[in-house]
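So you know, we letter chains A, B, ... as the sequences are listed, proteins then strands, and number each from 1.
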There are 2 protein chains.
Amino acid sequence: MREIPDIVVGRLPVYLRALSRMIHEGQQVTSSKELGERLGISSAQIRKDLSHFGEFGKQGTGYQIQYLVEQLQRILKVKEEWKVALIGVGDIGHALTHYNGFVNRGFRIVALFDSDPKKIGSLVNGLIVIDAAKLVDEIRARGLKVAMLAVPAEKAQEVANKLVEAGIEGILNYAPINLSVPPNVRVQHIDPVIHLQRMTFYINS
Amino acid sequence: MREIPDIVVGRLPVYLRALSRMIHEGQQVTSSKELGERLGISSAQIRKDLSHFGEFGKQGTGYQIQYLVEQLQRILKVKEEWKVALIGVGDIGHALTHYNGFVNRGFRIVALFDSDPKKIGSLVNGLIVIDAAKLVDEIRARGLKVAMLAVPAEKAQEVANKLVEAGIEGILNYAPINLSVPPNVRVQHIDPVIHLQRMTFYINS
DNA sequence: TAGATTGTTAATCGATTAACAATC
DNA sequence: TAGATTGTTAATCGATTAACAATC
């Protein structure tokens, strides 16, 4: 298989989300034109992106949404649920344990970690908070590959190092700091301020 | 001024965050090389990006971080605090009201809205939850331009329409759905699943 | 059949990088 | 002065788009 550009991979989850939504709305078939209009993307780009992975449509009629969704799930490896570790059970961590947007999209939080003695052992949304000191052993024992990092900026790099040691290969980082990890580990950032600042550039107060 | 590419604007907040961190760590001067290594970006790209806005460095020595931070804050219009409306005081909304990452980065939540009668009138982190039915009037009266949207997917488009009507020009959308808004309104998405799926593509379970 | 839409090619467009004169 | 690093140009690289044959 040729090398897939990162930017293409980045759009696939967006396609998947929109297509899932269409199914949710009862739609069965769509076209690159329609999907593109929904997303503000050209139809040519959608077809080009998909063409990296195969031929999923039919001339004249477009795409069976259910089929395309399954293909995208397969490509993104989310047909089976990933078991995810969550480190840091503060406000963000708490909100993530309650977040119902993971259901049916390929992820389930199965382990909570915190270093606060007051939180360790307590039950949060049905999961026991484990001592962060046991993080490496626990994650390794369970074979987890994906983690969400919701600890203070000061601790983020330190915890990230332990995650890497534990065999984690994907880190969703909520700390407003740039993590340094080996090349085989993927990091994605979620920082609301970054997005807000991207918008204010264009807005006149 | 020439038109600035979106992709360049998108990197400025990342530079700002890293530079602020350097100050926090006591550093006073940096170079495009050093900053680039921290961020995994080429030094040439950083210099090119900055050159869209002026000359901020000195040959041989690099950049005074404090000065560059101030310039980026000015460019991104975050020298003064933006007053932000938050719609939806569920788990995510709650976490956002407690989030201390907004401080000194240009944003402050000043108004909470929800349509749940049980929540309306209650106090969340010092702010009274206002009836979402009053959203348009309240936002307009306060002249708010930026909003965070943390309502269920089903209601997101409907609320977004009201935000636009109220004069909001930037929406940070936490609902996993693509909003349709007029071209003068900026939308940014935060959807953890999108980021997770971007990573799992590369990870072998 | 006529209309619609795919997958793909080639052309265009835009972003990144390498290189270097300028200069601190 | 020698070394370092900027801002900028030109070259390279890669992504997007337009166009269209194929075909449902």
Side-chain angles (χ1 to χ4, degrees), chain A residues 1-16 18-19 22 27-72 74-75 198 201-202, chain B residues 1-16 18-19 22 27-72 74-75 198 201-202:
Chain A
M1 196 195 277
R2 289 152 300 169
E3 198 62 31
I4 311 293
D6 263 15
I7 197 161
V8 171
V9 175
R11 282 191 292 261
L12 299 184
V14 178
Y15 298 164
L16 176 55
L19 291 163
M22 287 177 175
Q27 199 174 338
Q28 300 201 333
V29 177
T30 190
S31 66
S32 57
K33 184 164 175 288
E34 183 186 46
L35 183 58
E37 282 166 1
R38 267 210 192 208
L39 298 176
I41 288 179
S42 80
S43 63
Q45 180 158 88
I46 290 171
R47 295 197 302 278
K48 188 94 209 283
D49 285 352
L50 295 177
S51 76
H52 286 96
F53 303 97
E55 308 189 356
F56 307 118
K58 270 211 184 79
Q59 286 102 323
T61 59
Y63 303 88
Q64 292 292 327
I65 301 177
Q66 184 61 52
Y67 176 71
L68 186 50
V69 161
E70 280 165 21
Q71 293 304 309
L72 286 171
R74 176 183 55 77
I75 293 165
R198 252 177 224 203
F201 174 85
Y202 298 97
Chain B
M1 196 194 278
R2 290 150 300 171
E3 198 63 31
I4 311 293
D6 264 15
I7 197 161
V8 172
V9 175
R11 282 191 292 260
L12 299 184
V14 178
Y15 298 165
L16 176 54
L19 292 163
M22 287 178 177
Q27 199 174 339
Q28 299 201 333
V29 176
T30 190
S31 66
S32 58
K33 183 163 174 289
E34 183 186 46
L35 183 58
E37 281 167 1
R38 267 210 193 210
L39 298 176
I41 289 179
S42 79
S43 63
Q45 180 159 86
I46 290 171
R47 294 197 303 277
K48 188 96 212 284
D49 285 351
L50 295 177
S51 76
H52 286 96
F53 304 97
E55 308 189 358
F56 306 119
K58 271 211 184 78
Q59 286 103 324
T61 58
Y63 302 88
Q64 291 292 326
I65 302 177
Q66 184 61 51
Y67 176 72
L68 186 51
V69 161
E70 280 165 22
Q71 294 305 308
L72 286 171
R74 176 183 56 76
I75 292 164
R198 253 178 222 200
F201 174 85
Y202 298 97

Rounded interatomic separation in angstrom, taking CG from A:D49 and C1' from D:dT16: 10 Å
Nearest listed nucleotide, side chain of A:S51, among D:dT17, D:dT8, C:dG7: C:dG7
Note, B:K48 side chain near B:V8 side chain (heavy atom, < 4.5 Å): no
Spacing of CZ belonging to B:R11 relative to CD1 belonging to B:I41, to within rounding of 0.5 Å: 6.0 Å
Any B:L72 side-chain heavy atom under 4.5 Å of B:L68 side chain: yes
A:R11 side chain, from C-beta outward: closest of D:dT17, D:dT8, D:dT16: D:dT16
Per A:P5 side chain, nearest of listed nucleotides D:dA15, C:dG7, C:dT17: D:dA15
Between P of D:dA15 and CD1 of A:I41, the distance in whole Å: 15 Å
Strand-adjacent residues in residues 28-37 of chain A, judged by heavy atoms under 4.0 Å from DNA chain C: A:S31, A:S32
Spacing of CE belonging to B:M22 relative to CD belonging to B:Q66, to within rounding of 0.5 Å: 13.5 Å
Side-chain N or O of A:Y63 closer than 4.0 Å to phosphate OP1/OP2 of C:dA4: no
Gap separating the CD1 atom of B:I7 from the CD1 atom of A:I7, nearest 0.5 angstrom: 6.0 Å
For atom CG of A:L50 and atom P of C:dT6, their distance in whole Å: 9 Å
Nucleotide nearest A:I7 when distance is taken to its side chain, options C:dG7, C:dT17, D:dT16: D:dT16
Any B:S42 side-chain nitrogen or oxygen under 4.0 Å from OP1 or OP2 of C:dT17: yes
Pairwise side-chain contact, B:I4 with A:F201, heavy-atom cut-off 4.5 Å (strictly under): yes
B:L12 side chain near B:F53 side chain, heavy-atom distance below 4.5 Å: yes
Straight-line distance of B:R47 CZ to B:E55 CD, nearest 0.5 Å: 13.0 Å
Flag side-chain contact, heavy atom, 4.5 Å: A:Y202 against B:V9: yes
B:Q28, CD: over 12 other non-hydrogen atoms inside 6.0 angstrom: no
B:K33/B:E37 under salt bridge (Lys or Arg N to Asp or Glu O under 4.0 Å): CA gap, chis, key distance, verdict: CA-CA 6 Å; B:K33 183 163 174 289; B:E37 281 167 1; 3.5 Å; yes
Integer-rounded Å distance: D:dG14 C1' and A:Q45 CD: 13 Å
Below 4.0 Å: OP1/OP2 of D:dG7 and any side-chain N or O of B:R47: no
Atom-pair distance (NZ on A:K48; C1' on C:dA10), nearest Å: 10 Å
Gap between atoms CD and P, on A:E3 and D:dC13 respectively (whole Å): 17 Å
Could you run down the sub-3.5 Å N/O contacts of the protein with nucleotides 22-24 of chain D?
| from | atom 1 | to | atom 2 | distance (Å) |
| --- | --- | --- | --- | --- |
| D:dT23 | O4' | A:Q59 | NE2 | 3.3 |
| D:dC24 | O4' | A:Q59 | O | 3.2 |
| D:dC24 | O2 | A:Q59 | O | 3.4 |

d(CD1, B:I65; P, D:dT5) in whole Å: 13 Å
A:H52 NE2 - D:dG14 P separation (whole Å): 12 Å
Gap separating the OH atom of B:Y15 from the CD1 atom of B:I75, nearest 0.5 angstrom: 11.5 Å
Identified stems (criterion: three or more consecutive Watson-Crick or G-U pairs, under 3.5 Å), DNA chain C: C:3-24 with D:3-24
